[in-house]
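We number each residue from 1, following the sequence as shown. Worth knowing before you read on, the calculation uses all heavy atoms, side chains too, and leaves out hydrogens, waters and symmetry mates. Atoms within a ligand are numbered from 1 in the order they appear, just like the ligands themselves.
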Amino acid sequence: MPRTTKKIARPLVTGNWKMYKTGEEACQFLETLAPLLEESQVDVSLAVPYTAISLAAQKVAELNASIAIGAQNMNDASEGAFTGEVAARMLKSAGATFVILGHSERRHIFHETSDFINKKVKKALQEGLQPILCIGETGEERENGETEEILKTQLHESLQDLSKEEMKQIILAYEPVWAIGTGEVATPEMAEEAHLLCRELVASGWGKRVAKALLIQYGGSVKPENAADLLVQENINGLLVGGASLQPETFYEILQQYEGITV
Ligand code: 13P
């Protein structure tokens with residue numbers, strides 16, 4: 001019996017490879033995945049390491065595959081003396097079409113602030129890279145009943161001063177920090193509640209129309225076993241997958257979970 005839901009768009013499932021895979025390994029992955037996607041009912045993208053962007057983008061073109069290639073971070077400056085940093089236009093010229101910004105590993109391990117992330121979001125938009133903006137509370141913040149406040153603050157600060165037109169380019173990802181890489185996935189109800197809140201926050205800041213069209217992904221311990229229950233939720237429009245995106249077979253199994261859900 002197919003499940004029904006009122007979805008607004010084709011879901012977008014993005015693999016975030018973090019610091020895994022060389023360019024050659026990315027190409028091998030794509031050779032296995034691409035032929036499986038011909039009838040895919042979901043949009044697919046992969047955020048690969050900087051050094052794999054160029055090769056992965058070339059491989060996608062060669063395979064004529066419908067897979068967007070993106071980056072996992074960037075600097076907010078156009079160019080300059082910032083040893084080890086990467087600028088948006090470099091990512092674009094390498095073949096990236098999108099960039100993950102504000103991932104919790106950037107916020108917590110590399111101490112990036114929402115203010116800095118806001119500058120990067122603006123720069124990405126200026127350069128024509130679509131941002132996937134991540135927000136999410138820690139386990140302690142959830143236990144203290146601060147989830148709503150944290151999401152509100154991170155969302156408003158990270159998207160500060162964006163116009164409605166710019167907001168239409170944004171993809172939002174709700175990633176509860178306690179669910180990332182832990183195997184402890186948020187329940188579909190918990191995730192849905194957070195997604196609904198995010199949509200309401202966007203509606204109050206940028207209007208209902210922008211909020212309705214906003215694509216919001218869930219991320220944190222997504223696996224083939226839990227993907228369908230998440231995707232069926234009204235306000236979940238896609239998934240941001242870490243560990244389970246590293247093997248093409250497992251990633252494909254996640255993509256297939258949408259097939260039993262009718263729009
Ligand atoms: P896991 O799927 O490994 O929990 O990682 C989630 C994530 O951080 C995606 O950006």
Worksheet item: Is there a side-chain contact between L129 and M74 (heavy atoms, below 4.5 Å)?
Response: yes

Worksheet item: Do L255 and L36 come close enough that some side-chain heavy atom pair is under 4.5 Å?
Response: no

Worksheet item: Just checking, any donor-acceptor pair under 3.5 angstrom between side chains of S78 and K123?
Response: yes

Checking the N or O distance criterion of under 3.5 Å, is ligand 1 in contact with [X]?
| X | result |
| --- | --- |
| G242 | yes |
| N16 | yes |
| G243 | yes |
| G181 | yes |
| T182 | no |

Worksheet item: How are the rings of Y174 and H195 set to each other: parallel, tilted or perpendicular (split at 30° and 60°)?
Response: perpendicular

Worksheet item: So, K152 and E149, do they make that salt bridge, N to O below 4.0 Å?
Response: no

Taking only heavy atoms of [X] into account, list the atoms of ligand 1 that are under 4.0 Å away from them.
| X | answer |
| --- | --- |
| L240 | 9 (C), 10 (O) |
| A179 | 4 (O) |
| G220 | 4 (O), 6 (C) |

Worksheet, complete the sentence: The closest protein heavy-atom partner of atom 5 (O) of ligand 1 is K18 NZ, 3.3 Å

Practice prompt. Among all protein heavy atoms, pick out the one at the shortest distance from atom 9 (C) of ligand 1; state its residue, atom name and that distance to 0.1 Å.
Written response: E175 OE2, 2.9 Å

Discussion item. Looking at non-hydrogen atoms alone, which of H103, K223, Q72 comes nearest to atom 8 (O) of ligand 1?
Written reply: H103

Discussion item. Please determine whether side-chain hydrogen bond (donor to acceptor under 3.5 Å, both in side chains) holds for the pair E137 and W178, giving the CA-CA distance in whole Å, both sets of side-chain angles, and the decisive distance to 0.1 Å.
Written reply: CA-CA 8 Å; E137 80 288 356; W178 49 270; 2.9 Å; yes

Fill in: Minimal non-hydrogen separation, P224 against I254, with atom names
N-CG1, 3.6 Å

Worksheet, complete the sentence: For H103 and I100, the nearest pair of non-hydrogen atoms, with its separation, is CB-CG2, 4.1 Å

